[in-house]
Amino acid sequence: MLGVLFSVVAGILISMQNVFNARVSEKTGAWATTSLVLGLGLVCSLPVFYAMEQRSLFDFGDVNKIFLFSGVFGVGIVFCLMRGVTLIGPAYAISIALISQIVIAFVINTGGWFGFDASPLSVTKLAGIALLIGGVLVYKLEKPPVEEEKEEMEQLRA
């Protein structure tokens, strides 16, 4: 249950961060915002790390060194989602990002990649992904109210 709570909070924070980042980038630019966001994240996380952890920041143990580059993904995440929110809106951009996450996590889980136990492929999992994609398509196909009003006005004039 705690894992579900953390996941819900993460989803809320990701959505809020992307909306905020899009607004900041309108004034400062995309790369300045990306640098600022990740820099502030570092400044905020270091005191928490030193208060909570009883080890060195650079004590990685036997972690595969390639996994340490995940911070580079963070740069791409912040930049790409911020631009997506700006270009197509928060709901659509974050929905597409969510589906991408689910599909990639599904592939990783099914294939047993990166040290995770392989999970069997099932029709219900594929149906769930198809329903998610269908939901986003239905959401996107809905016409905004302004367009509907314009069409009604044109029909009345004709």
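Numbering of residues begins at 1 and proceeds along the displayed sequence.
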I'd like a table of donor-acceptor pairs (distance under 3.5 Å, sequence neighbours excluded) in which one partner is a side-chain atom from residues 99-115, with atom names and distances.
residue	atom	partner	partner atom	Å
Ser100	OG	Ile96	O	3.0
Thr110	OG1	Phe106	O	2.8

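Hydrophobic clustering, with ILVMFWY side chains joined whenever heavy atoms are under 4.5 angstrom apart, groups Leu121 together with Ile133. Met16 and Leu13 fall into different hydrophobic clusters, where Ile, Leu, Val, Met, Phe, Trp and Tyr residues are linked whenever their side-chain heavy atoms come under 4.5 Å apart, directly or through other members. With hydrophobic clusters built from ILVMFWY side chains whose heavy atoms lie under 4.5 angstrom apart, Met82 does not share a cluster with Tyr92. Hydrophobic clustering (ILVMFWY, side-chain heavy atoms < 4.5 Å, transitive): Leu68 and Ile77 are in distinct clusters. Each of Met52 and Phe58 belongs to its own hydrophobic cluster when Ile, Leu, Val, Met, Phe, Trp and Tyr are linked at side-chain heavy-atom distances under 4.5 angstrom.
Evaluated for a side chain to side chain contact (heavy atoms under 4.5 Å, CB included) with Thr34, the options Val37, Leu36, Leu38 yield exactly one hit, Leu38.
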Steps toward side-chain contact (heavy atoms from CB on, under 4.5 Å) verdict (Leu98, Val136): CA-CA 10 Å; Leu98 177 64; Val136 170; over 6 Å; no
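Ser122 meets the side chain to side chain donor-acceptor pair (under 3.5 Å) test with Thr124; sequence neighbours excluded. Residues satisfying the side chain to side chain contact (heavy atoms under 4.5 Å, CB included) criterion with Lys27, sequence neighbours excluded, are absent altogether.
Heavy-atom minimum distance, Pro90 versus Val19: CB-CG2, 3.9 Å. The two atoms that bring Lys125 and Ser119 nearest to each other are NZ-OG, 2.7 Å, heavy atoms only. Closest approach of Tyr139 and Ala91 over heavy atoms only: OH-CB, 3.1 Å. The nearest pair of heavy atoms linking Thr33 to Ser25 is OG1-CA, 3.1 Å. Looking at every heavy atom in both residues, Arg83 comes nearest to Ala30 through CD-CB, 3.8 Å. For the pair Arg55 and Phe49, the tightest heavy-atom approach, listed with the atom from each and the gap, is O-CZ, 3.6 Å.
Counting non-hydrogen atoms of neighbouring residues, nucleotides and ligands closer than 6.0 angstrom, the CZ atom of Phe20 reaches no more than 12 such neighbours. Counting non-hydrogen atoms of neighbouring residues, nucleotides and ligands closer than 6.0 angstrom, the CZ atom of Phe116 reaches no more than 12 such neighbours. When the shell of 6.0 Å around CZ of Phe73 is examined, it contains 12 or fewer heavy atoms from other residues, nucleotides or ligands.
Distance check, rounded to the nearest 0.5 Å: OG1 of Thr86 to CG of Leu81 gives 10.5 Å.
Using a distance-only test at 3.5 Å, with no hydrogens or angles considered, no donor-acceptor pair links the side chain of Ser15 to the main chain of Ile12.
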